[in-house]
There are 2 protein chains.
Amino acid sequence: MADDIDDVDRAILHALQEDARNMSSGDIAERTGTSDSTVRKRIQRLESDGVIKGYSAAIDYQQSGYPLRMLLFCTASISERGDMIPNILDIDGVVSVQELVTGEQNLLVTVVGEEDSDITSVAQALLDMGLTVADEVLVRSHETKPFGEFASESDE
Amino acid sequence: MADDIDDVDRAILHALQEDARNMSSGDIAERTGTSDSTVRKRIQRLESDGVIKGYSAAIDYQQSGYPLRMLLFCTASISERGDMIPNILDIDGVVSVQELVTGEQNLLVTVVGEEDSDITSVAQALLDMGLTVADEVLVRSHETKPFGEFASESDE
DNA sequence: AGTGAAAACCGGATTCC
DNA sequence: GGAATCCGGTTTTCACT
């Protein structure tokens with residue numbers, strides 16, 4: 001519950017963002033000058049505190065047969081906005097929902113699909129929920145990077 | 001190089017999106033009705049083909065001391081747009097860059113930071129690179145979900 | 001926070017289909 | 001060529017200090 005993130009925690013977060021699957025506790029222990037059991041306990045704490053929300057493979061959707069990625073900018077009434085996020089995430093093809101602090105277009109839904117009809121069916125589902133799709137933008141490329149502030153001073 | 005994604009591959013991708021760190025090859029083998037060595041070979045192939053780009057921990061930046069998340073909509077000249085993406089990713093605080101297929105605001109940069117000055121310094125760095133920051137939007141919440149199409153018919 | 005033993009997991013080589 | 005089995009080394013887990 002408390003957010004006492006120290007340098008060891010930051011190094012752990014950085015390592016797990018780099019390679020969550022192959023980075024062993026021992027590897028991280030070397031970087032931090034602690035022992036592997038310490039690292040394991042820290043990780044457990046970070047997980048139960050919710051700092052680490054999970055571990056996920058980064059997939060290239062293009063190469064796996066789903067070349068379309070689109071951003072749908074939506075408008076929702078403020079009152080219902082928070083409640084419908086779980087429902088939006090349940091729509092097939094939706095990979096992320098972001099709540100925006102803006103006047104009108106206050107929900108940004110990211111959709112992945114194989115063909116155009118996959119996207120439009122998501123848009124339809126959003127309409128059925130009472131949302132207005134104000135804008136649609138195709139994403140040509142998408143790159144992600146581990147958050148740099150978790151890195152130690154020396155290694156970046 | 002080839003994208004021969006079959007049901008076994010999709011099950012693997014789905015499992016690794018759910019929990020890339022704790023899901024063992026044996027676990028996935030049970031789900032797919034194959035052996036663990038088969039799963040490991042498939043994973044290696046998916047990795048070297050670039051379908052799996054990596055494994056990353058999902059961090060709650062709010063809880064780890066970086067409460068600010070912002071979207072910066074930028075304008076770049078078409079010609080230089082692709083080349084500068086690596087440079088943008090190198091800016092401290094930038095966690096993702098998306099190339100948008102739109103007339104003007106064709107780059108979407110996501111920034112995470114502790115305070116307002118972290119964001120403005122990124123914006124300044126973008127300006128120094130010759131980009132125009134056309135719009136800035138604060139993100140109140142952000143949720144991600146594994147891509148549903150990889151799931152088998154029965155388990156979702 | 002560290003130690004030690006049992007269990008699980010991974011990687012590679014081999015064999016089978 | 002792809003999938004299954006076996007084995008040596010590593011990693012994780014759990015109880016204890």
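Here is how names work: the chains are called A, B, and so on, in the same order as the sequence lines, proteins then strands, and each is numbered from 1.
- Summarising the geometry, atom SG belonging to B/Cys74 is positioned 9.5 Å from atom CE belonging to B/Met129; distances are rounded to the nearest 0.5 Å.
- Nucleotide D/dA3 holds its C1' atom 17 Å from the CD atom of B/Glu30, rounded to whole Å.
- Under 4.0 angstrom from either OP1 or OP2 of C/dA1 there lies no side-chain N or O belonging to A/Ser35.
- Residues in residues 65-76 of chain A take part in these side-chain hydrogen bond (donor to acceptor under 3.5 Å, both in side chains) pairs, two or more places apart or across chains: A/Arg69-A/His142.
- B/Ile43 has its CD1 atom 15 Å from the C1' atom of D/dA3, to the nearest Å.
- Between B/Leu107 and B/Val97, some side-chain heavy-atom pair lies under the 4.5 Å cut-off.
- In summary, the side chains of B/Ser35 and B/Thr38 do present a donor paired with an acceptor at a separation below 3.5 Å, with no hydrogens or angles considered.
- Straight-line distance from the CD1 atom of B/Ile12 to the C1' atom of C/dC10: 15 Å, rounded to whole Å.
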Nucleic acid footprint by protein, nucleotides 11-17 of chain D - heavy-atom cut-off 4.0 Å, B for base, S for sugar-phosphate alone: SBB----
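- Here the closest heavy-atom approach between residue A/Val122 and residue A/Val94 is recorded as CG1-CG2, 3.9 Å.
- Taking side-chain N and O atoms only, B/Thr38 has no distance below 4.0 Å to OP1 or OP2 of D/dG2.
- The backbone N or O of A/Thr102 lies less than 3.5 Å from no partner atom in the side chain of A/Asn106, so there is not a single donor-acceptor pair.
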